[in-house]
Amino acid sequence: MSDLVDKLQRLSLIDLKEEEKERIGRDVQKILQFFNKINELDLSNVEPLFHPISQGKLRKDVAQSSLTQGEALSNVKRKENGFIVGPSTYGD
Amino acid sequence: MISQVVKDLKEGRLDPEEYVERYYDRISKFEKKINSFITLRSKEEVISDVKESIKRGGRLAGVLIGIKDAISTKGIRTTCASKMLEDYVPPFDATVVEKLKREGAVILGKTNMDEFAMGSTTETSYFGPTRNPWDLERTPGGSSGGSGAALAAGFVDLALGTDTGGSIRAPAAFTATFGLKPSYGTVSRYGLVAYANSLEQIGPMSKNAEDLGLLYSIIAGDDPRDATTIPYEVKEVPSEISVNGLKVGVLKDILEASEEPVKGIINRIIDKLSSEGAVVEETKLGYAEYALPAYYIIAMSEASSNLARYDGVRYGYSKYGDGNWKETFSKNRGDGFGLEVKRRIMLGSFILSAGYYDQYYVKALKVRRLIKNSLDQLFAKFDVLVSPTMPILPPKLGEMVDDPVKMYAMDVNTVIANLAAIPALSMPAGFYNNLPVGLQLMGRYLSDTFLVGISMFVEKLTKIYDATAPLQ
Amino acid sequence: MPKIGLEVHVHLNTLKTKLFCSCSSDYINKDPNTNTCPVCLGLPGAIPVLNEKALTYAIMVALALNCEIAPALVFSRKHYFYPDMSKNYQISQYDGPGSMAVAKSGVLEITNKKIRIRRINIEEDPAKIIYPTGSMLTSKYTLLDYNRSGIGLLEIVTEPDIESPKEAREFLEKLRSILEHLGVCNCDMEGAMRADVNVSVEGGERVEVKNVGSIKDVENAIKYEIARQKAAIIQGLKVERETRHWDSERGISVPTRTKETDEDYRYFPDPDLPPYPISKDLIKKITAEMPELPDARVKRLVEQYGISRKEASILVMDKALADFYENTAKLYKDYKKLANLILNDYLRWLNDKNIRASESRATPEAIAKLLSLLDKGVITIKIVKEVLPEIVLKGADPDQLIKESQLTAIRDLEYLEKVVEEVIKEDKDAAEAAKNDPKVINFLVGKVMKRTGKRADPQLTNELIRKKLGV
């Protein structure tokens, strides 16, 4: 189970604290059991319902005003000369 | 009635300052006990906005409204009750907020909710739980618990909530207020912080049926910025529809699975409907027991995707910056999200991951198809389906939140409507030991105004509307 | 035979807006983060709506590549975390339950071969990352500019039918021509076309070289990879699946530094974008309004102007060049002569200086004028070659140029005779040799040309020399 929790941490990029790892490990088991109920059904001839709305819409190729730099950066914690500062992309 | 308030404000019978004071007075007295707001605007600002608004006019000119903190409000903090967005201030308004402002509504504050709308009791909020004004030891339901409680406590007469699996209807049922989960695609989601996109809608919450209809007519409508809205407009405010001659289906299994007090109250209402000429028949929804797992599989999958964007770079909790992107993101997300949110994101990622996609996600979508077909069959026969909104009375604080599966089970009556995209309304049905019980009405796709019309008739039978909890 | 497959990413830079929001698509050279909105910035609550022109473009490209077009347009989310991803998923397309590519199973013909197209996808571009130290390895943080985030891309993926660097170049040149003729991409712009190149040789596995930025680079990358892989196998080393990066400056591919974990993209249909039907009527309408494609244009040029198929093909390979030819042909009616000039002197010079036809400032009027001056004998072909650079680089007017630099042809026999005599007197040895070797005559002609600032009529000069030498 801890393997699974580790895998899930990596997939979702969430670092759990130790106490959380244990709890979530147990919860995940229970919840997956709860999910497995649908496997009681024979669904081989059923079409999945992907979208409740059958048809989407398009938009015209006409430019509209965008956010100012100030607005775009208004919630950014780290910025430099108008750029948003992000973490390094090196290593794993 | 809000329409009367608008008239009185416009024609000078109601003084704007007195009008606003009344609410702030109650808030200052009782809000500490209830905790229904995450952000409350200053009285001075609000009074100024109300006066301005009355001058400009609109169907809601001068009316105060509480907005669930999952809906983007320009310049006003929008937190989704999460540490992750504790100081996030959107640079734009959600479409529904633009519509409300155009009609002159004035935002009083942002209401409390379960974190990222994930919960049924408003106990997972980073800003502390909201208490039920009818019994401060109990929850007001969730995830739009702040809106429900604010209405019941008399802090506001109109509110917006969001409903993904029952999050408008549960609080409505537990606070003796009215709430509508609209037909999917009739209210724009542009600006709604997404939890589960194919299931959720913003919806109106109010203290009576007429106001519910008025608020819905204003927020509903096609939006070019939302590809999931349909060509739709509510041209007139709904008017009362008698149940005489209507074919009413009672979802028997769901009713039977409810707590005794709930059963009793709902059965009494059903009798009343019969005596008013409704043609009542017991019926059963096929595949109902698979609705809950299917709902959660879909909701968690979509949630894991929608919440991927929270990494601290462009907004939000960003304590960590050293280390590479994987380390930084993992730490920010580990810190910023609460436990229930983390649970759902991780399970959602699992379900969508290679090897499990067909087993859970696609299967859940097939169950969704079956449930929709089941309902279509029922609506060929019935005009409206009724059931209790919730299977239980409002639970005590702390009772549900530690056991996820127990908490999920609270949604058993409500997720059906979200899966099938149909409208569902909750209205007060009665009280048991002063604890509210709600009646749920479900209708065909796009029968929203029809349901509101029926609720206008039924509220006269229950005589429960404009109910404010007796707070000391 | 090596097996080569290409994944070409094309910027839909002729769209006015981004793919899923109404931000302007004119993002190059703008101050950072001045061209964003809630949607492309990935703000909470923002949702996408597709640009209708992007769908038209995708269908046109699909038609031009003879693809099967999907019955509806659907999008999937491709999840991976990275600082340049505003939502940490890319809206793209995928073949799986509930989703599909906008087109598939097409073909592009090059000389003697058909390259199969596996699929065409519509997808969005991420933000731009700048490394403060200039290198990913040494930068402790990154600088992000979301102006580019959400720009529309077409991804065109081939089957591994390509078998040589030359075929890859031909494929890309033809593809570029098609894209330009459709008006879907202005391929001369920076970053307009990039490719991921997949190469495998016999006995080894597939290696992917990512983000190769030009056709020339693709050709070189393939050459390099084939050689590298073959060498490895000969030495008994294994060539395993890997992803590499092309270093254009050094002309080599290098392994990517970050560990290539098998990404699980967790594709699923994007719930914010319900399917949009692609009806037969829509396809008919687009087909009817489609611009002329390169193959059709080649045919027409041959018929209309009487030039050879080869000449027409070279013209059409670069739309701007073909356009220039046709525009000039409206003014100058000796089509073959025009083709000759354009394809030889004009094009050669452009290629030498690495200038694209679209960058040339020459006008059709200027070239037409030049050619008529040549016809009238006012200038010689040598002078044409002299003035061409000015015309191309500065858009100079030939009349003006020739007047200013007094470049008119010298046909004055008396004068030329004098110069010829001088040259023959100076170089008696050459004069003797010229009596037997016609090549030496050309040498003498060259000397006369030098003396006359290249204005001497070469034909006349040649005749005069022969006369003087009695040849």
Side-chain angles (χ1 to χ4, degrees), chain A residues 3-16 28 32 35 38-39 41 43-92, chain C residues 15-17 20-26 31-38 40-41 43 49-55 72-74 79 81-84 88 97-99 127 129-132 136-146 257-259 261 264 266 268-269 271 273-277:
Chain A
D3 276 344
L4 178 58
V5 175
D6 283 339
K7 175 180 171 185
L8 294 180
Q9 285 187 89
R10 276 197 310 273
L11 259 185
S12 352
L13 242 52
I14 294 179
D15 262 0
L16 292 175
V28 166
L32 285 178
F35 286 170
I38 61 171
N39 286 316
L41 293 169
L43 297 166
S44 42
N45 288 324
V46 185
E47 273 303 302
L49 187 77
F50 284 103
H51 296 273
I53 300 294
S54 53
Q55 178 170 330
K57 54 161 81 95
L58 304 177
R59 119 193 109 72
K60 297 240 167 282
D61 187 27
V62 173
Q64 311 212 318
S65 61
S66 41
L67 296 172
T68 64
Q69 192 190 71
E71 286 173 323
L73 300 179
S74 59
N75 288 287
V76 175
K77 301 289 191 307
R78 295 185 191 80
K79 27 197 168 188
E80 189 181 293
N81 295 330
F83 287 95
I84 297 178
V85 171
S88 95
T89 56
Y90 174 57
D92 199 344
Chain C
L15 288 175
K16 297 210 188 72
T17 59
F20 293 109
C21 66
S22 305
C23 283
S24 160
S25 64
D26 180 16
D31 282 342
N33 297 305
T34 51
N35 189 41
T36 67
C37 74
C40 55
L41 207 51
L43 293 185
V49 184
L50 181 71
N51 182 334
E52 69 177 2
K53 257 250 176 83
L55 177 58
L73 182 65
V74 282
H79 298 86
F81 291 89
Y82 214 62
D84 63 358
N88 286 318
S99 62
I129 299 183
I130 293 179
Y131 298 101
M136 171 170 27
L137 289 112
T138 55
S139 294
K140 290 237 161 65
Y141 60 93
T142 46
L143 293 172
L144 304 165
D145 176 9
Y146 287 82
R257 299 292 180 147
T258 53
K259 182 160 59 115
T261 41
D264 182 352
R266 284 164 282 136
F268 80 110
L273 295 164
Y276 188 83

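Residue numbering restarts at 1 for every chain, and letters A, B, ... go by the order of the sequence lines. Keep in mind that the numbers below use all heavy atoms, side chains included, and drop hydrogens, waters and symmetry copies.
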Quick one: what part of [X] sits under 4.5 Å from any heavy atom of chain A, side chain, backbone, both or neither?
X      : result
C:P97  : both
C:S139 : backbone
C:F20  : backbone
C:L41  : side chain
C:K16  : both
C:P83  : side chain
C:C40  : neither
C:P275 : both

Supply the atom-to-atom distance [X] [atom1] to [Y] [atom2], rounded to the nearest 0.5 angstrom.
X      : Y      : atom1 : atom2 : result
A:E80  : C:T142 : CD    : OG1   : 10.5 Å
C:F81  : A:L11  : CZ    : CG    : 8.5 Å
C:Y82  : A:T89  : OH    : OG1   : 4.0 Å
C:D264 : A:K7   : CG    : NZ    : 7.0 Å
C:T36  : A:E71  : OG1   : CD    : 8.5 Å
C:Y131 : A:Y90  : OH    : OH    : 12.0 Å

Exercise for the section: Kindly determine whether C:N51 and A:R59 satisfy side-chain contact (heavy atoms from CB on, under 4.5 Å), including the steps that lead there. Expected result: CA-CA 5 Å; C:N51 182 334; A:R59 119 193 109 72; 3.3 Å; yes

Just so I understand: if I count every heavy-atom pair under 4.5 Å between each of [options] and chain A, which residue has the most?
options                      : result
C:C23, C:A54, C:P132, C:P277 : C:P277
C:S99, C:S24, C:C21          : C:C21
C:L144, C:T138, C:L273       : C:L144

Fill in the blank from the handout: Checking A:L58, A:V62, A:D61 against C:K53 for side chain to side chain contact (heavy atoms under 4.5 Å, CB included), the one that qualifies is A:D61

Side chain / backbone / both / neither for [X] at chain C, heavy atoms under 4.5 Å:
X     : result
A:S65 : neither
A:V85 : both
A:N81 : backbone
A:L73 : side chain
A:P48 : neither

Highest number of heavy-atom pairs under 4.5 Å with chain C: which of [options]?
options                    : value
A:K79, A:Q64, A:E47, A:K57 : A:Q64
A:L13, A:T68, A:L67, A:N75 : A:L67
A:S54, A:S66, A:P52, A:A72 : A:S66

Can you give me the closest heavy-atom contact between [X] and [Y], atom names plus distance?
X      : Y     : result
C:P269 : A:F50 : CG-CD2, 3.5 Å
C:Y276 : A:G56 : CD1-O, 3.6 Å
C:P274 : A:H51 : CA-ND1, 3.6 Å
A:G82  : C:N33 : O-ND2, 2.8 Å

